[in-house]
Student: 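Pasting in a structure now, in structure tokens, and then I'll have a few things to ask.
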2 protein chains.
Amino acid sequence: MLDRNHRANHRERSLLSKTGFMRALSPSALARLLDSAHITALPARATIFREGEPAMAFYALLSGYVRLYRVSRDGRQADIRICGPGDIFAECLIYGGDIYRFNAQAAENVSLARFDMQDVRELAEQDPTVSKAIMATLSDHLLSTMDCVVNDRLHTAPQRVADYLLTRCPSDNGPASIRLPYQKSLLAGMLGLAPEALSRAFSSLRRTGVTVRGRVIQIGDVEALKEI
Amino acid sequence: MLDRNHRANHRERSLLSKTGFMRALSPSALARLLDSAHITALPARATIFREGEPAMAFYALLSGYVRLYRVSRDGRQADIRICGPGDIFAECLIYGGDIYRFNAQAAENVSLARFDMQDVRELAEQDPTVSKAIMATLSDHLLSTMDCVVNDRLHTAPQRVADYLLTRCPSDNGPASIRLPYQKSLLAGMLGLAPEALSRAFSSLRRTGVTVRGRVIQIGDVEALKEI
DNA sequence: GGCCCGATTTGACGTCGATCAAACCGGGCC
DNA sequence: GGCCCGGTTTGATCGACGTCAAATCGGGCC
């Protein structure tokens, strides 16, 4: 499973220390955490961990995208979260159980940092900035997962897509252009849609001035999208 | 909005200290927390807080049930979580923002304890058992919200109902009987269904040996339910 | 610039669950 | 015990989305 595995070098330490999780750590906690990190590169589609395995570590993503998902008895998959550069994942198991509760898979070539849960538990015990960072990250993930439930239950496919576009729109009026950082099938999964449904949602947004060319999405009028 | 408001008496302190959140606190932190609690009783349908209001406090539920939900632009509601006795809610805002992100409403007569966020932040700073309790609770809520997303995306209404029944089934084989602790419309909301859909799900489970009489649900064979 | 393959789109269809309206039930009350 | 009312069930209908299959696109590579 491991393609390359080494301690964090200067560039990687710098990337990691800029993440939301580590930005507010005390210098000493940050140093200890970075010293404990193992950096790994994995090819697209590689499995990082599987549901049910003992949860020894959590991860921070340096580059690429990772899919957290669960599989039903009949083999269908549902994405729980898509992680991008700077995100951490499986941190909910630091104090939440000893077994992974979902699968993690590289959606493309990724580079990630691995942290031993037990080490971090000890660090949190000694340094309150670590606990605070964990609590802030957990809260953030909880709130966005709640958003996800509400979105699924209240909004149709075109509304969810409009919502997605609006949240990554630089300006909040006039025209705009967005480039998706990943394949549309990944976006479909994160919105809880089949790829075909995402495609149809985009085409139903054409009447609202949205044009799609590959990964580039042109929005005629941001205000109009808000009305959907 | 406040019907009755006082400091926790002996019985209430005892109830609170048995909750998952407070069970593992150090004696001194527990005492300080209980001293800071305000107990309130509210009638059914009362609003506890509204989305958008400044988040000054989080809550622990002593008795009754509370509905956390959001409302769409066109007035439809989606439940995010149903809290029961011993649950705490809105704790995701201790380190997660300064505004309530959903509405909280008493589903029936409730009694609840109110804790000032700022007080608890200070307590957590000084006593690591408090941070640990917060992290454990956040992790728990995050994991169950993830379960909720996956359930919505992978399971049909009868499957979700079967799932619900199985998780509160005392035994794991043979016949069993369950009494719902709340109205069916509340259960419908927590499963992400309209009340009519819940009713139809129950009636489709009749062929699997499930009978419903008011709030009492008889399960002919628990094993059979697992097959759904 | 053209080729090729996997990703995306389009079409046709079926199923699930929301919605509205009407009938029904059960539990609290007198 | 009977009445009443809110909660629940049932029926009919509809729209949204999943699935399968076939056509098309786009981006990387030579």
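Below, read A as the first sequence line, B as the second, and so on, with proteins coming before strands; counting in each chain starts at 1.
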Student: Quick one: salt bridge (charged side-chain N to carboxylate O under 4.0 Å, His left out) pairs with a partner in residues 150-177 of chain B, sequence neighbours left out?
Tutor: Asp152(A)-Arg153(B), Arg153(A)-Asp152(B), Asp152(B)-Arg160(B)
Student: For DNA chain D, which residues in residues 205-217 of chain B have a heavy atom at a distance below 4.0 Å?
Tutor: none
Student: Could you report the tightest heavy-atom contact between Asn103(B) and Glu51(B), atom names first, then the distance?
Tutor: OD1-N, 3.1 Å
Student: Taking five pairs at each end, how big is the angle between the two axes of the helix from dG1(C)-dC30(D) to dC30(C)-dG1(D), to 10°?
Tutor: 40°
Student: Do any pairs count as a side-chain hydrogen bond (donor to acceptor under 3.5 Å, both in side chains) and have a residue in residues 207-228 of chain A, sequence neighbours left out, and if so which ones?
Tutor: none
Student: Of the non-hydrogen atoms in Val66(A) and Ala104(A), which two are nearest, and what is the gap between them?
Tutor: CG1-CB, 4.3 Å
Student: I need the NE2-P distance between His155(B) and dG17(C), as an integer number of Å.
Tutor: 12 Å
Student: On DNA chain D, which is the earliest and which the latest nucleotide, 5' to 3', with an atom closer than 4.0 Å to a heavy atom of chain B?
Tutor: dG7(D) to dA12(D)
Student: By salt bridge (charged side-chain N to carboxylate O under 4.0 Å, His left out), which residues pair with Asp140(B), not counting sequence neighbours?
Tutor: none
Student: Of all of residues 185-198 of chain B, which get a heavy atom below 4.0 angstrom from DNA chain D, listed by number?
Tutor: Ser185(B), Glu196(B)
Student: Any idea how Phe58(A) and Phe115(A) line up, ring-wise: parallel (<30°), tilted (30 to 60°), or perpendicular (>60°)?
Tutor: parallel
Student: One thing to verify: whether Asp79(B) and Arg70(B) come together as a salt bridge, which I'm taking to mean a side-chain N less than 4.0 angstrom from a carboxylate O.
Tutor: no
Student: Is it the case that the side chain of Lys18(B) and the backbone of Gly86(B) share a donor-acceptor pair, with hydrogens and angles ignored and the cut-off at 3.5 Å?
Tutor: no
Student: Between the main-chain N or O of Leu154(B) and the side-chain N or O of Arg76(A), is there a donor-acceptor pair closer than 3.5 Å?
Tutor: yes
Student: Measure all distances between protein nitrogen or oxygen atoms and nitrogen or oxygen atoms of nucleotides 12-15 of chain C, and list the pairs falling under 3.5 Å.
Tutor:
residue : atom : partner   : partner atom : Å
dA12(C) : N6   : Arg200(A) : NH2          : 3.1

Student: What is the separation between atom CZ on Phe202(B) and atom P on dG17(C), rounded to the nearest whole Å?
Tutor: 14 Å
Student: According to the ring-ring contact (aromatic ring centres under 6.0 Å, His included) rule, which pairs have a member within residues 140-176 of chain A, sequence neighbours left out?
Tutor: none
Student: Closest approach of Ile228(B) and Arg73(A), non-hydrogen atoms and distance?
Tutor: O-NH2, 3.0 Å
Student: Can you check whether Ala44(B)'s main-chain N or O pairs, donor with acceptor, with Asn109(B)'s side chain at less than 3.5 Å?
Tutor: yes
Student: Rounded to the nearest Å, what distance is computed from the CD atom of residue Gln183(B) to the P atom of nucleotide dG26(C)?
Tutor: 15 Å
Student: Which pair of heavy atoms, one from Ala60(B) and one from Leu16(B), lies closest together, and at what distance?
Tutor: CB-CD2, 3.8 Å
Student: List the atom of Cys92(A), the atom of Leu142(B), and the distance in Å for their closest heavy-atom pair.
Tutor: CB-CD2, 3.7 Å
Student: How close do Pro43(A) and Ala106(A) get, counting heavy atoms only, and between which atoms?
Tutor: O-CB, 3.6 Å
Student: For residues 174-203 of chain A, pull every pair meeting ring-ring contact (aromatic ring centres under 6.0 Å, His included), keeping only residues two or more places apart or in separate chains.
Tutor: Tyr65(A)-Tyr182(A)
Student: Taking only distance into account, with no hydrogens and no angle test, what donor-acceptor pairs under 3.5 Å do side-chain atoms of residues 192-201 of chain A form with protein atoms, sequence neighbours excluded?
Tutor:
none

Student: So which of residues 76-85 of chain A are in contact with DNA chain C, with a heavy-atom cut-off of under 4.0 Å?
Tutor: none
Student: Contact class for Arg153(A) vs. all strands (heavy atom < 4.0 Å): base, sugar-phosphate, or nothing?
Tutor: nothing
Student: Would you say Ser171(B)'s side chain and Asn173(B)'s backbone share a donor-acceptor pair under 3.5 angstrom?
Tutor: yes
